[in-house]
Amino acid sequence: METQLQSIFEEVVKTEVIEEAFPGMFMDTPEDERTKLISCLGAFRQFWSSLSQESHEQCVQWIVRFIHSQHSPKRISFLYDCLAMAVETGLLPPRMVCESLINSDTLEWERTQLWALTFKLVRKIIGGVDYKGVRDLLKVILEKILTIPNTVSSAVVQQLLAAREVVAYILERNACLLPAYFAVTEIRKLYPEGKLPHWLLGNLVSDFVDTFRPTARINSICGRCSLLPVVNNSGAMCNSWKLDPTTLRFPLKGLLPYDKDLFEPQTALLRYVLEQPYSRDMVCNMLGLNKQVLYCAHKQRCPVLEDQLVDLVVYAMERSETEEKFDDGGTSQLLWQHLSSQLIFFVLFQFASFPHMVLSLHQKLAGRGLIKGRDHLMWVLLQFISGSIQKNALADFLPVMKLFDLLYPEKECIPVPDINKPQSTHAFAMTCIWIHLNRKAHSDNSKLQIPIPHSLKLHHEFLQQSLRNKSLQMNDYKIALLCNAYSTNSECFTLPMGVLVETIYGNGNMRISLPGTNCMASGSITPLPMNLLDSLTVHAKMRYNLLTYIINFLTFNLIHSIATRVIKLAHAKSSVALAPALVETYSRLLVYMEIESLGIKGFISQLLPTVFKSHAWGILHTLLEMFSYRMHHIQPHYRVQLLSHLHSLAAVPQTNQNQLHLCVESTALRLITALGSSEVQPQFTRFLSDPKTVLSAESEELNRALILTLARATHVTDFFTGSDSIQGTWCKDILQTIMSFTPHNWASHTLSCFPAPLQVFFKQNNVPQESRFNLKKNVEEEYRKWKSMTNENGIITHFSVQGSPPLFLCLLWKMLLETDHINQIVHHLADFFFLYTLVHPDSDINSNSTFSDPFCLKAMRSHEGNEAQVCYFIIQLLLLKPNDFRNRVSDFVKENSPEHWLQNDWHTKHMSYHKKYPEKLYFEGLAEQVNPPVQIQPQYLPIYFGNVCLRFLPVFDIVIHRFLELLPVSKSLETLLDHLGGLYKFHDRPVTYLYNTLHYYERHLRERTNLKRKLVHAIIGSLKDNRPLGWCLSDTYLKCAMNAREDNPWIPDDIYYCKLIGRLVDNILLKLFNEFPNPAAHALHVTCVELMALAVPGKDVGNALLNVVLKSQPLVPRENITAWMNAIGLIITALPEPYWIVLHDRIVSVINSPSLTSETEWVGYPFQLFDFTACHQSYSEMGCSYTLALAHAVWHHSSIGQLSLIPKFLTEVLIPIVKTEFQLLYVYHLVGPFLQRFQQERTRCMIEIGVAFYEMLLNADQYSSHLNYMDPICDFLYHMKYMFTGDSVKDQVEKIICNLRPALKLRLRFITHISKMEPAAVPQQPLSNGSPAPQPSQVPVNVALPVTQ
């Protein structure tokens, strides 16, 4: 092949001897030149046709090498003309020729004439290259230009500019050789933000990139860098807050020239989240850190996280300089406690390196003189050192001594602090660190000895002297100091730890009674106080392992458990229960997140399985009580795991263990109803492969409670918004499994509150109900059998057969009606009751103080109309008619405090209450009332915390909701709240419950303002004695709304709303309360509760919230406007739909405003009109830019369910009204930034939005005689295609594009994949190329060839 090609082209370029002797003196005529070209082309055509397809590229490359080997410009020019003619006649493909020319190694800038001729040829034929080929050529050309040095001779610049002309032609908007989006992508790869383009290209590239700044702005959320989440809120774990784990930048889509602040590391956002308690899961989610890789070879160390943790420590040191007192529970103390937890977690999971952090701390603290917080810093470091030094190298911890030299410059000995104060443990922290380091050095036989620093000698001597004292007392913090110092030294650790264990276990011979009969416990009743536990290091707490003790205790008691089963008829003496002090202390230890592996994780994964295996029901009852009444802020996956355990336990028969059954059911009910709305979906989706594990196979009440929780969660999170069916959703399998386990129906008034897809499901899965006639007939038949039976065992057997109709209660009721007494054979009811309730879970048998719980749960049944009212009336009578229950509630509320962690005398009050109001859990009362009375002495399981009041609380939650659903019983609910509302003083989550209730029943409560006010007053007012004024409801609300009359409701003004929003902005709450993990979460919930409690329609409240920033408000500072928008976004998205849907009306109002509809109202640059930051800073407020920024803040915080209404809003509301180019661009600005989230979370919506954008473009195209901003519009549509939709909308948009004006069709032809439009057919428009930015000088188009795909 090469020989033939050489003969063809050498024949054409050969010269005579005389021509070589006199170069430049002989010239061919044009006719001769053309003859040569035709001759050469003819010979080459014949040769080309004989080549195989695979050899074409090799052939062209050889031709290029041949041409580049020539030294005569004349020959090169002639041969290039040959190539050009071959391309123009269709013989050679232009892409292959251009690629071979540009990729040639011999194309160098030093050969300036070859360079110029080559790029002139490329410029001539590149119009026939397909758009992807042009993109590849642009990339190579830009790389070639980079080889040109910064300084060259001015004599060669003109030739080098030929390459610039090619680039200019490629970037020419009207030429449309490729999507401009491709071009800017290649340019930004070579010239990222901050890097100047090559001098040869000059402003050509920078001006072209600037034309994409409007596209970048369309895809940017206004003020995004100022938007902050509320940790543990429903929107906090979505994709909105993700950052790049290497750079801390936002994960921006596409290489667009976004605003500079979006390219900056978002350290403020990460710092803010790190500062919040219970934020570690969100930090991991933001940075994509996986806790599961702890034991993998691949570690996920995150240097940027290290830096922020170090900066947070430095910030705490600065705060400590100005804090006068530390031990008053102030913000500085809370910050140091939180830092300790964060450091342990992130270093333990190897997301941060301890030595690197200590060295960085040293560097940042050097020369600062910050020493007031040094003890607290060393306390934080001691937490990690004491627990990990035995498993790691000594060298990892030695940098701490360098930090010591910096922070402890004293030459004299530091005096021993007052050990009666808890902060003395912090003062000793550095000495404890030295002790641990020194022991590690000795155990490793290290040659590196660390002598005790002189300044710490008094501290060390005090610890040594205390260790020699064998009679340690609990009246100071000496024991805590010794535990902290010697937790890695078993010999020394035994003494102080032994004192702690003995304190809570008590004297082995001492016994105390517990509620019930035959229940005794070890004698210690005073738990270790929280301030003492706070003073122990994490390692000391872990060494103080009550978990191991309890498991060993179980092993001992297992023998007694077996013996009890064998000799139960002989009423064997029961075993001794755990000491109340031990149980309370263990409960307190479990709340420490730092000891999760041995704390709650060990509780769930080790302790409970051991209990189950041992059948140690007393211990199980104790553990469930702890979980129900003592443990708060347990991570949701642990709670759902426990729920699964409880359902497994329900399948195990426990003969005559009614107390345990009641506790299991009560705990399961608490677990289900306490699930946060944002927790339900992520937790239950973990069990989709086997949903049976988290559902009850027998208890219809528990499954109904789960469905109610699911309905509430999907409503509050707007999961089903915009959906009509549960098909394809995570809850379908769960609902179907529930219906297979416990088929049931829902009352119409309850069903009407469900989200629409759930309503459809239950209507489609309706369960046939037994007619009353058949029920009466069956009861008569059973009664006839009863009267005909005389054998006691036969009667019991008949009514306890598995599968027999659950008619026993009906039978008892008929017996009372007929004879006014129950046959004495029923004295054996107590013997087989539990077996019966297992066989018939629907039965309502109960007595005394336990009767109200399961009976009230029947409020969940599907009674309609008058039956439902009668049912609720009976519940009211049951709860209020007898004085006993009301007195129990009244006394319990009056005599007890919900802040159990501050109490040391709980057990005394607990026993006093049970003695005054004993509870009979084994139907002793029923046994005493039969004739003759039966004396039973059941073995009670230990009760440490529970009573009927606390057990009733989750049931009361359900009762209130059922009463709210039925309008005629509103007055009954008010009566219940008046008498029993004080119980909410002991509710785990009173504000959350109130928030969920007002949110879920917003539609039912709109016109029932009195009932709404009563509900708020009862729940919030129950805590008035335990909370400071203003802890929840604002002073204005308490003064005006609580006392308003129904005929004259209070209507708040703008000042009220501004102050309410300002409270969240400033986070001015006095303290953090136990219900919420951080102050911001508390502030958000109480604000929403107050807004929903107003006697004002949700639409009016929503508009008032928007007006806080959309109207000029003197209370809203201009310099902090984005923080106020952020607060409004947080609040309004946490409210029901009527509150936030008003934003759509505001958007419509703006789109219809003259500034967007009239061509004369705003004659400037539209992207300035939409630039909120520039408008605000220049005091040129524009309503459209403020609404745009506020909409972005709201939608940024919205759940995906709330966002899923946007497609419907676009298609049904905006498409009909969008007519102008400004309106179109405004809608693109509104929705464009959220395409990325739609792509990740709800693809269907993304596709609908993509089609809607094209339909709006068609409207604007048909309505407008002239489009000035075609290029930004098309650039955005290309960005949407290549970053989000791909070809998913191709079929729908092809028809739309074909109906657009020619200039738009030309620009968008690469989207349709039908590209049959000729560029020559497109008239040149006199506008500035459809681009908003000035265009560089352009090169005219010489060749107009069809662009192929």
Side-chain angles (χ1 to χ4, degrees), residues 221-224 226-228 230 235 718 999 1002 1006 1034 1036 1051-1065 1083-1084 1087-1118 1120-1153 1155-1156 1169-1170 1172-1173 1175-1176 1181-1199 1202-1203 1205-1206 1209 1213-1214 1217 1226-1227 1229-1231 1233-1234:
I221 294 173
C222 295
R224 183 175 183 181
S226 302
L227 300 179
L228 299 173
V230 168
D718 294 279
H999 196 299
E1002 184 272 336
R1006 285 177 192 172
S1034 66
T1036 307
I1051 307 298
D1053 56 13
D1054 287 344
I1055 294 177
Y1056 165 77
Y1057 290 105
C1058 289
K1059 288 183 177 180
L1060 200 63
I1061 300 297
R1063 183 171 69 165
L1064 180 59
V1065 173
L1084 175 62
T1087 302
C1088 291
V1089 164
E1090 182 166 330
L1091 289 169
M1092 289 188 287
L1094 293 172
V1096 180
K1099 181 179 179 180
D1100 295 347
V1101 174
N1103 278 314
L1105 293 174
L1106 299 181
N1107 286 337
V1108 168
V1109 293
L1110 294 183
K1111 288 175 63 177
S1112 178
Q1113 304 286 2
L1115 296 179
V1116 180
R1118 284 185 53 84
N1120 205 21
I1121 188 70
T1122 51
W1124 284 71
M1125 288 184 174
N1126 183 68
I1128 293 172
L1130 283 165
I1131 292 170
I1132 207 167
T1133 54
L1135 294 170
E1137 184 177 322
Y1139 292 80
W1140 54 262
I1141 202 68
V1142 297
L1143 178 63
H1144 291 186
D1145 299 332
R1146 291 300 182 95
I1147 292 171
V1148 171
S1149 176
V1150 169
I1151 289 178
N1152 286 327
S1153 65
S1155 58
L1156 298 185
L1169 182 66
F1170 306 151
F1172 164 74
T1173 303
C1175 289
H1176 185 70
E1181 281 86 349
M1182 299 298 297
C1184 56
S1185 66
Y1186 269 65
T1187 304
L1188 177 68
L1190 184 56
H1192 282 180
V1194 171
W1195 288 347
H1196 190 62
H1197 289 293
S1198 294
S1199 68
Q1202 292 168 326
L1203 289 179
L1205 285 184
I1206 291 178
F1209 176 55
V1213 180
L1214 295 188
I1217 65 175
Y1226 190 76
V1227 174
H1229 274 79
L1230 269 173
V1231 184
F1234 302 97

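Expressed to the nearest 0.5 Å, how far OG1 of T1187 lies from CG of L1106 amounts to 8.5 Å. Atom CD1 in I1151 sits 7.0 Å away from atom CD1 in I1147 (nearest 0.5 Å). Taken to the nearest 0.5 Å, the CE atom of M1125 stands 6.5 Å off from the OH atom of Y1186. Here the CH2-CD1 distance, from W1195 to I221, works out to 11.0 Å after rounding to the nearest 0.5 Å. In this structure, K1059 NZ and L1115 CG are separated by 7.0 Å, a value rounded to the nearest 0.5 Å. Interatomic distance, C1088 SG to H999 NE2, rounded to the nearest 0.5 Å: 8.0 Å.
Judged as a side-chain hydrogen bond (donor to acceptor under 3.5 Å, both in side chains), and not counting sequence neighbours, Y1057 has no contacts. With sequence neighbours excluded, the residues that form a ring pair (Phe, Tyr, Trp, His ring centres under 6.0 Å) with H1229 are F1167, F1170. With sequence neighbours excluded, the residues satisfying side-chain contact (heavy atoms from CB on, under 4.5 Å) with V1213 are V1148, F1209. Listed by chain and residue number, H1197 satisfy the side-chain hydrogen bond (donor to acceptor under 3.5 Å, both in side chains) test with N1126 (two or more places apart in sequence, or in another chain). Residues forming a side-chain contact (heavy atoms from CB on, under 4.5 Å) with S226 (at least two apart in sequence, or on another chain): T1122.
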Side-chain atoms of residues 1128-1141: list all donor-acceptor pairs with protein atoms under 3.5 Å, sequence neighbours left out, distances to 0.1 Å.
unit_1, atom_1, unit_2, atom_2, d
T1133, OG1, G1129, O, 2.6
T1133, OG1, L1130, O, 3.2
W1140, NE1, L1135, O, 3.4

Sequence neighbours excluded and cut-off under 3.5 Å, please list the side-chain donor-acceptor pairs for residues 1089-1096, or say none.
unit_1, atom_1, unit_2, atom_2, d
E1090, OE1, S1034, N, 2.8
E1090, OE1, S1034, OG, 3.4
E1090, OE2, S1034, OG, 2.5
E1090, OE2, Y1056, OH, 2.5

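Nearest heavy atom pair, residue L1143 against residue A1191, reads CD2-CA, 3.8 Å. When all heavy atoms are compared, the tightest approach of A1127 to I1061 is CB-CG2, 3.9 Å. Among all heavy-atom pairs drawn from C1058 and V1116, the shortest one is SG-CG2, 4.2 Å.
Among residues at least two apart or in separate chains, side-chain hydrogen bond (donor to acceptor under 3.5 Å, both in side chains) pairs with a member in residues 1098-1116 are D1054-K1111, N1103-R1146, N1107-R1146.
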F1234 and H1196: CA distance, side-chain angles, deciding distance, ring-ring contact (aromatic ring centres under 6.0 Å, His included) verdict: CA-CA 8 Å; F1234 302 97; H1196 190 62; 7.1 Å; no

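Residues L1156 and L1169 form a side-chain contact, since some pair of their non-hydrogen atoms from C-beta on lies under 4.5 Å apart. Counting heavy atoms from C-beta outward, L1188 and F1172 have side chains that stay 4.5 Å or more apart.
Between the S1198 side chain and the V1194 main chain, a donor and an acceptor come within less than 3.5 Å of each other.
Counting non-hydrogen atoms of neighbouring residues, nucleotides and ligands closer than 6.0 angstrom, the CD1 atom of I1051 exceeds 12 such neighbours.
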